[in-house]
Amino acid sequence: MMNIFRFAGDMTHLASVLVLLLKIHTIKSCAGISLKTQELYAIVFATRYLDIFTDFISLYNTLMKLIFLGSSFSIVWYIRHHKIVRRSYDKDQDTFRHLFLILPCFLLALVINEKFTFKEVMWTFSLYLEAVAILPQLVLLQRSRNIDNLTGQYVVLLGAYRALYILNWIYRYFTEPHYVHWIAWISGLVQTLLYADFFYYYFQSWKNNVKLQLPA
């Protein structure tokens, strides 16, 4: 069910994607952006939106799914194959072994899910994977330390999107009868906590009007 918190979360999520696409398309640079994280997000959306052509909920819902699917795969393509953008990719810094996140999330989805069907297991897997998908990006930023404004804004918007979704869940819990989704709630909380350290240093840099740097 739509409410102000979910809508704000969706728009913040959309804004994060637009900021990243703006950086890549306009500046022709992906410096500071983790390809590993972007590949994980592409997997997240591909496995979450398997119902896009079978279950119609609303035009808004379908459009948002198409936007996130299209943008995530476009970003991966840009970083991997665009003749100018790929030159700025920090391959030596982006060394997080993201494939080791996929298997545990998949096994956990097989064991802990709301219903043991293909779509439900894939949906649950996407939640678990999204919770940790930001880790390669955070590690890359910690290694490179020097973070440009657009990259910082991208990560902040991603964290804000998840925080707004938690407010959406709290609102729905108190306004809708029998609204309980423990898997989504715990995954979302873990994801939000991963941003906490970055948010602290981002706020400090903003307050002191200095360039954002993460401690080594």
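By the criterion of side-chain heavy atoms lying less than 4.5 angstrom apart, applied directly or through intervening Ile, Leu, Val, Met, Phe, Trp or Tyr residues, Val17 is grouped together with Val76 in one hydrophobic cluster. Residues Val180 and Leu127 fall into different hydrophobic clusters, defined by Ile, Leu, Val, Met, Phe, Trp and Tyr side chains chained together at heavy-atom separations under 4.5 Å. Ile186 and Leu108 fall into different hydrophobic clusters, where Ile, Leu, Val, Met, Phe, Trp and Tyr are joined by side-chain heavy atoms under 4.5 Å apart, directly or via other members. Note: the hydrophobic cluster containing Leu99 also contains Leu107 (ILVMFWY, side chain heavy atoms under 4.5 Å, direct or indirect links). Using a 4.5 Å cut-off between side-chain heavy atoms of Ile, Leu, Val, Met, Phe, Trp and Tyr, with links allowed through other members, Ile75 and Val19 fall into the same hydrophobic cluster.
Here the CD1 atom belonging to Ile43 is positioned 11.0 Å from the CE atom belonging to Met122, to the nearest 0.5 angstrom. The structure places CZ of Arg48 at 10.0 Å from OG1 of Thr124, a figure rounded to the nearest 0.5 Å. Trp123 CH2 to Tyr49 OH: the interatomic distance, rounded to the nearest 0.5 Å, is 11.5 Å. Ile33 CD1 to Ile24 CD1: the interatomic distance, rounded to the nearest 0.5 Å, is 6.5 Å. Rounding to the nearest 0.5 Å places CG of Asn168 at 11.0 Å from CD1 of Ile4. If you take OG1 on Thr37 and CZ on Phe96, they are separated by 8.5 Å, rounding to the nearest 0.5 Å.
Of all non-hydrogen atoms in Pro136 and Leu40, the two that sit nearest each other are CG-CD1, 4.1 Å. Here the closest heavy-atom approach between residue Ser126 and residue Val44 is recorded as CB-O, 3.4 Å. When all heavy atoms are compared, the tightest approach of Ile183 to Ser187 is O-OG, 2.8 Å. Across all non-hydrogen atoms, the minimal contact from Arg80 to Arg86 is O-CD, 3.7 Å. Closest heavy-atom contact between Leu50 and Thr54: O-OG1, 4.3 Å. Listed here is the closest heavy atom pair of Thr151 and Gln137: CG2-NE2, 4.3 Å.
By the 4.5 Å heavy-atom criterion applied to side chains, Glu120 and Asn113 are not counted as neighbours. Proximity of Thr62 to Ile57: side-chain heavy atoms (C-beta onward) are nowhere separated by under 4.5 Å. Looking only at side-chain heavy atoms (C-beta outward), Leu135 and Val132 come within less than 4.5 Å of each other. Lys65 places a side-chain heavy atom less than 4.5 Å from the side chain of Asp51.
Defined by atom type and a distance below 3.5 Å, a donor-acceptor pair is missing between the side-chain atoms of Arg143 and Gln93.
Take Ser88 and apply the side-chain hydrogen bond (donor to acceptor under 3.5 Å, both in side chains) test, not counting sequence neighbours, and it matches no residue. Qualifying ring-ring contact (aromatic ring centres under 6.0 Å, His included) partners for His82, counting only residues two or more places apart in sequence or in other chains: Tyr78. Looking at residues two or more places apart in sequence or on another chain, you find a side chain to side chain contact (heavy atoms under 4.5 Å, CB included) between Ile166 and Trp169, Ile170, Leu189, Thr192. Under the ring-ring contact (aromatic ring centres under 6.0 Å, His included) criterion, His25 pairs with no residue at all, not counting sequence neighbours.
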Just list the side-chain donor-acceptor pairs under 3.5 Å for residues 153-160, sequence neighbours left out, or say none.
unit_1, atom_1, unit_2, atom_2, d
Tyr154, OH, Gln38, NE2, 2.9

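Ring to ring, Tyr179 and His181 are close: their centroids are under 6.0 angstrom apart. The distance between the ring centers of Phe199 and Phe203 does not fall below 6.0 angstrom.
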Candidate pair Leu18 and Leu14, rule side-chain contact (heavy atoms from CB on, under 4.5 Å), full reasoning | CA-CA 6 Å; Leu18 292 176; Leu14 182 60; 4.2 Å; yes
Pair Tyr165-Tyr161, side-chain contact (heavy atoms from CB on, under 4.5 Å): steps then yes or no | CA-CA 6 Å; Tyr165 253 66; Tyr161 135 71; 3.9 Å; yes
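Side-chain atoms of Asn208 do not come within 3.5 Å of backbone N or O of Ser205 as any donor-acceptor pair. The backbone N or O of Gly32 sits less than 3.5 Å from a side-chain atom of Asp90, completing a donor-acceptor pair.
Between Phe45 and Phe68, the two ring planes are parallel [angle under 30°; tilted spans 30° to 60°].
Within the structure, the salt bridge (charged side-chain N to carboxylate O under 4.0 Å, His left out) test picks out the following pairs touching residues 8-35 (sequence neighbours left out): Arg6-Asp10, Lys23-Asp148.
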